[in-house]
Amino acid sequence: MIVHTVGELLRQWRQRRGLSQLDLAIAADVSARHVSLVETGKSKPSADMILRLADQLHVPLRDRNQLLLAGGFAPRYTERPLHDDALSAAQDAIRRVLRAHEPYPAVVFDRRWNILMTNRAVDPFFAQVAPDLLRPPVNLVRLGLHPRGLARLVVNLADVRAVFRTRISRQLATAPDPGLTALYEELLTPGPDEASDQRIDGDVVIPMILNVDGRELRLFSTITTFGTPMDVTIDEIAIESYYPADAESAAYFAE
């Protein structure tokens, strides 16, 4: 197991963001020399300095805790399960968003795309999925691409796979994660006849086209996240809300 110093970790994040030491120094209002000394381990940064640099590097809260630990400090951000009483206000907000979006489907998932909550509009779609795929934790990517999952309903499966591939590739570029990497390698690694940078043609958004009971539904989605979170769980939650892309699809849900 490789143990990195806080300076090494900060340098990795800086390089990942494509910033020079001078760029980071200007953004954090410190000297470039100080950034250099921190990265080389010649200067031990305070916890506040670590967090100041991490903020400018847009480091996720989970990884900020790792930076603090590497610097010899206690983690600053808690990580509670979503059902914890301390997160009751967040739970209530999520439930309100889910209910308000009905009759259209919406799902809540974590950084590894494991489904945490759904609204009632999702139930009819899950009813057509093999029961073993709905045993927790239910992974949205695996469920969407599995032949006994939602893939059997998806008309444009290649497009949907390409969208998943693009989104998870961007996630990994922003914040590497072993579990997410394993998910990508399992389900999204391009085959020999499939380009990894496959371009998806569309007008404004790429719809997911489903064949349900002989009717073709076209859906697009939006992503909602919490602003200024202070808990790791809340920082990593996303709510994906699906909307009808045409009048026929809207009529299906209205019925």
Side-chain angles (χ1 to χ4, degrees), residues 6 9-10 12-13 16-17 27-28 47-71 73-102 104-122 126 134-144 163-164 166-184 220-243:
V6 64
L9 291 174
L10 284 168
Q12 290 175 9
W13 282 105
R16 191 172 290 128
R17 297 294 183 253
D48 287 342
M49 177 55 67
I50 292 172
L51 292 177
R52 183 193 297 189
L53 296 174
D55 187 53
Q56 298 305 319
L57 293 169
H58 306 291
V59 177
L61 300 191
R62 179 181 299 277
D63 299 284
R64 295 189 193 198
N65 279 342
Q66 293 178 355
L67 287 170
L68 289 167
L69 286 169
F73 303 101
R76 183 72 59 90
Y77 304 99
T78 57
E79 182 179 3
R80 309 174 181 90
L82 185 57
H83 57 75
D84 191 285
D85 288 343
L87 300 183
S88 59
Q91 292 178 57
D92 184 60
I94 292 171
R95 291 191 186 99
R96 287 174 181 270
V97 171
L98 293 177
R99 285 197 302 267
H101 193 63
E102 293 174 356
Y104 308 128
V107 298
V108 182
F109 55 91
D110 63 19
R111 78 186 193 284
R112 292 179 175 172
W113 294 71
N114 292 317
I115 297 175
L116 304 177
M117 299 170 66
T118 67
N119 67 4
R120 292 177 298 178
V122 172
F126 281 9
L134 297 177
R135 296 192 191 112
V138 181
N139 187 271
L140 181 58
V141 180
R142 185 172 292 108
L143 190 66
V163 169
F164 276 137
T166 298
R167 289 174 60 177
I168 293 181
S169 294
R170 288 173 179 169
Q171 267 186 270
L172 290 172
T174 300
D177 177 88
L180 199 56
T181 298
L183 183 70
Y184 182 94
F220 67 91
S221 66
T222 62
I223 302 293
T224 303
T225 58
F226 281 87
T228 61
M230 291 296 289
D231 181 274
V232 173
T233 298
I234 298 303
D235 185 44
E236 296 175 345
I237 279 178
I239 306 172
E240 184 144 20
S241 304
Y242 297 87
Y243 294 83

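- Between Phe164 and Trp113, the two ring planes are perpendicular [angle over 60°; tilted spans 30° to 60°].
- Annotation: side chain of Pro75 is in contact with side chain of Leu69 (closest heavy-atom distance under 4.5 Å).
- Residues Trp13 and Leu53 fail the side-chain proximity criterion, which asks for heavy atoms closer than 4.5 Å.
- No side-chain heavy atom of Gln56 sits under 4.5 Å from any side-chain heavy atom of Arg17.
- The distance from the CD1 atom of Ile115 to the CG atom of Asn139 is 7.5 Å, given to the nearest 0.5 Å.
- Nearest heavy atom pair, residue Leu143 against residue Phe126, reads CD2-CE1, 3.5 Å.
- In this structure, the side chains of Arg112 and Val141 stay at 4.5 Å or more apart for every pair of heavy atoms.
- Ser241 places no side-chain N or O within 3.5 Å of a backbone atom of Thr222 that could act as its donor or acceptor partner.
- Side-chain atoms of Glu102 come within 3.5 Å of backbone atoms of Arg120 as a donor-acceptor pair (strictly under, hydrogens ignored).
- Of the possible donor and acceptor atoms, none in the side chain of Asp110 sits under 3.5 Å from a partner among the backbone N and O of Thr233.
- Summarising the geometry, atom CG belonging to Leu82 is positioned 6.0 Å from atom CE belonging to Met117; distances are rounded to the nearest 0.5 Å.
- Here the OG-CG distance, from Ser169 to Leu180, works out to 9.0 Å after rounding to the nearest 0.5 Å.
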Full working for ring pair (Phe, Tyr, Trp, His ring centres under 6.0 Å) between Tyr243 and His101: CA-CA 9 Å; Tyr243 294 83; His101 193 63; 4.5 Å; yes

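- Scanning both residues, Leu87 and Pro81, for their nearest heavy atoms gives CD1-O, 3.4 Å.
- Contact annotation: the side chain of Tyr77 never approaches that of Ile234 to less than 4.5 Å [non-hydrogen atoms, C-beta and beyond].
- Contact detail for Pro105 and Asn119: the closest heavy-atom pair is CA-OD1, 3.6 Å.
- Of all heavy-atom pairs between Val122 and Ala106, the closest is CG2-O, 3.5 Å.
- Panel note: side chain Arg111, backbone Glu236; no donor-acceptor pair is recorded below 3.5 Å.
- Residues Phe226 and Asp231 have side chains not in contact (no heavy-atom distance under 4.5 Å, counting atoms from C-beta outward).
- Annotation for Asp85: atom CG does not count as buried by contact number, only 12 or fewer foreign heavy atoms lying within 6.0 Å.
- Between atom CG of residue Leu116 and atom NE2 of residue His83 there is a gap of 10.0 Å, rounded to the nearest 0.5 Å.
- Contact of the Glu240 side chain with the Leu140 side chain is registered, since non-hydrogen atoms from C-beta on lie closer than 4.5 Å.
- Between atom CG of residue Leu51 and atom CZ of residue Arg76 there is a gap of 5.0 Å, rounded to the nearest 0.5 Å.
- Looking at Arg96, its side chain never comes within 3.5 Å of a backbone N or O of Gln91 through a donor-acceptor pair.
- Separation of atoms CG (Leu57) and CD (Gln12) is listed at 12.0 Å; rounding is to 0.5 Å.
- Not a single donor-acceptor pair under 3.5 Å links the side chain of Asp235 to the backbone N or O of Pro229.
- Between Asp63 and Gln66 the shortest side-chain heavy-atom distance falls below 4.5 Å.
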